[in-house]
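What follows is one structure encoded as structure tokens, with my remarks underneath.
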Number of protein chains: 2
Amino acid sequence: MDVQPENLIVDAVLNAISEQRLPAGTKLGEQTLSELFNCNRANVRRALASLAAKQVVELRPNRGAFVATPSAQEAREVFQARRAIERTIARQAVARVTDDDIAYLRANIAAETEARIRKDKPTELRLSQQFHMYLAQLSGNRVLERFLAELTMRSTLILGMYPGEGHSCANCDDHVGIVDALTARDEELLLRLTDEHLRHLEAGLDFDLPPVSSVSLKDQLLGSPA
Amino acid sequence: MDVQPENLIVDAVLNAISEQRLPAGTKLGEQTLSELFNCNRANVRRALASLAAKQVVELRPNRGAFVATPSAQEAREVFQARRAIERTIARQAVARVTDDDIAYLRANIAAETEARIRKDKPTELRLSQQFHMYLAQLSGNRVLERFLAELTMRSTLILGMYPGEGHSCANCDDHVGIVDALTARDEELLLRLTDEHLRHLEAGLDFDLPPVSSVSLKDQLLGSPA
DNA sequence: TTAACAATAATTGTTAACAAGAAATGTTAA
DNA sequence: TTAACATTTCTTGTTAACAATTATTGTTAA
């Protein structure tokens, strides 16, 4: 059995968003995608509908599909939802985590740190998301896992739209603390650190400055006229 | 601007599931729906894809669309997710609730109680779901609201599949307690009652007895051969 | 009667052509 | 040069016909 082309498209778009190669607002034309993936438009439309259901793509009637552009309000809601969900995930994870899991998580953090030093932002972002999603898998609750998958994706979009100070180091540090709490099976500490970690992320956002001027071709071709 | 037929279909199916007129496992044929709603198959397929994204419909390749049949494991996951989400919703609600909201909620409970006495199960189910969704709206968090909409829908399917004792009265009583806690702005009590309410619902399920034999025509035509 | 097989019918999946709408381009007049 | 308008081009939305798969029915042989 071969892979459905629509899933290929969905995964490709999600990966691109995960690594911030696709900025918020980018138009996803049907013909463009159908040529890129050698498939007909029906598959493209299914893929776009699926991405829209995940709130990662916005479908404007007669206008086309665009990478979602979360507002400041949505950003707050996303992070509040993450706190609600990751709290429960953490409680489940601390009860189910094995030594192998902890080894994996530490390796993940090491790779993330290394990516940060290499200034490889895409890899760093992907690994950070992977960290959260691994805990979600660990929880054994696929409903929460699916919800969090959507929320981390939207979080990446939000981080791309409202980039405050680059607090990537703080991110790794937080993750280390979380794994330490997991290792100690200290639930109370884990819950506190998880909540604080998400608040750090949210606090680092800057909603004021950039209305994120159109990322049109002009800027990409001529560079920013400082 | 007229209404998109696909949204009509989605709403109709969701309403039917809300009132348990559509049992889990029911086949949703494309032609059947396209004739019912006087539209072409493209609209039907979009609607079914949308319902599948909400986890309310299962799409089996080359086989068609069926109302989802949540397993016992999924049921547990759904209720755990609800506890996570409704906890945060309750915290937001208690901070934002107005007297008008409380009046609405009490009227809703009254109607629910009356429906129970009338033995009007569909209305009772719909109103119970409405109660939870009103609190979700009150929270002001549309992400959580959307998640809960999916979860309440799946909960109704679950209640239909694994019906334990009819604890509808307990349901109303729980709701009364929740509104009382809201009225008193007693957050701690509210959180406790909300959590307990969801645990009551889950505890009332009976996973053992009915593998829910095919709800095929036979039973509907001949009745159960006691 | 039952089981296996064959033929038929019905349903889903795919494709391409056409219609409708929006964006881009080009033109004209102030 | 700019602004408004008309034309063209491109993109999305819709429809219907066809292909492929599955389910059903009918038949035959044990």
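Just so you know, these numbers come straight off a predicted model, no measurement behind them.
Both Asn62(A) and Asn62(B) sit near DNA chain C, but only Asn62(B) has its closest nucleotide nearer the 5' end. Where Ala65(B) and Ala42(A) each meet DNA chain C at their nearest nucleotide, the meeting point lying more 5' is that of Ala65(B).
When Watson-Crick and G-U wobble pairs are counted only if both distances are under 3.5 Å, dA30(D) pairs with dT1(C). Partner assigned to dA20(D) is dT11(C), using Watson-Crick or G-U wobble distances below 3.5 angstrom.
The distance from atom CG of Leu28(A) to atom C1' of dT12(D) is 14 Å, rounded to the nearest whole Å. The interatomic distance linking Asn43(A) (CG) with dG13(C) (P) rounds to 12 Å, in whole Å. The CG-P distance, from Leu59(B) to dG13(C), rounds to 7 Å in whole Å. Following rounding to the nearest Å, Arg45(A) (CZ) and dT15(C) (C1') show an atom-to-atom distance of 14 Å. As rounded to whole Å, 14 Å separates atom P of dT11(D) from atom CG of Leu48(A).
Of the listed nucleotides (dT15(C), dG13(C), dG13(D)), dT15(C) has the atom at the smallest distance from the side chain of Asn40(A).
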* Asked: Are Arg83(B) and Arg199(B) close enough, and set up right, to give a side-chain contact (heavy atoms from CB on, under 4.5 Å), and what steps lead you there?
  -> CA-CA 8 Å; Arg83(B) 289 198 300 275; Arg199(B) 289 186 193 278; 3.4 Å; yes
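Residues Tyr162(A) and Asp208(A) have side chains that never bring a donor and an acceptor to within less than 3.5 angstrom of each other.
Taking 4.0 angstrom as the limit, Lys27(B) places none of its side-chain polar atoms (N or O) nearer than this to OP1 or OP2 of dT22(D).
For Arg46(B) against dG13(D), a side-chain-to-base donor-acceptor contact under 3.5 Å is absent.
Across all strands shown, Arg63(B) has heavy atoms under 4.0 Å from sugar-phosphate atoms exclusively, and none from any base.
Gln20(A) meets the side-chain contact (heavy atoms from CB on, under 4.5 Å) test with Leu125(A), Thr156(A), Leu159(A); sequence neighbours excluded.
In this structure, His175(B) and His197(B) have perpendicular ring planes: the angle between them is above 60°, well past the 30° mark.
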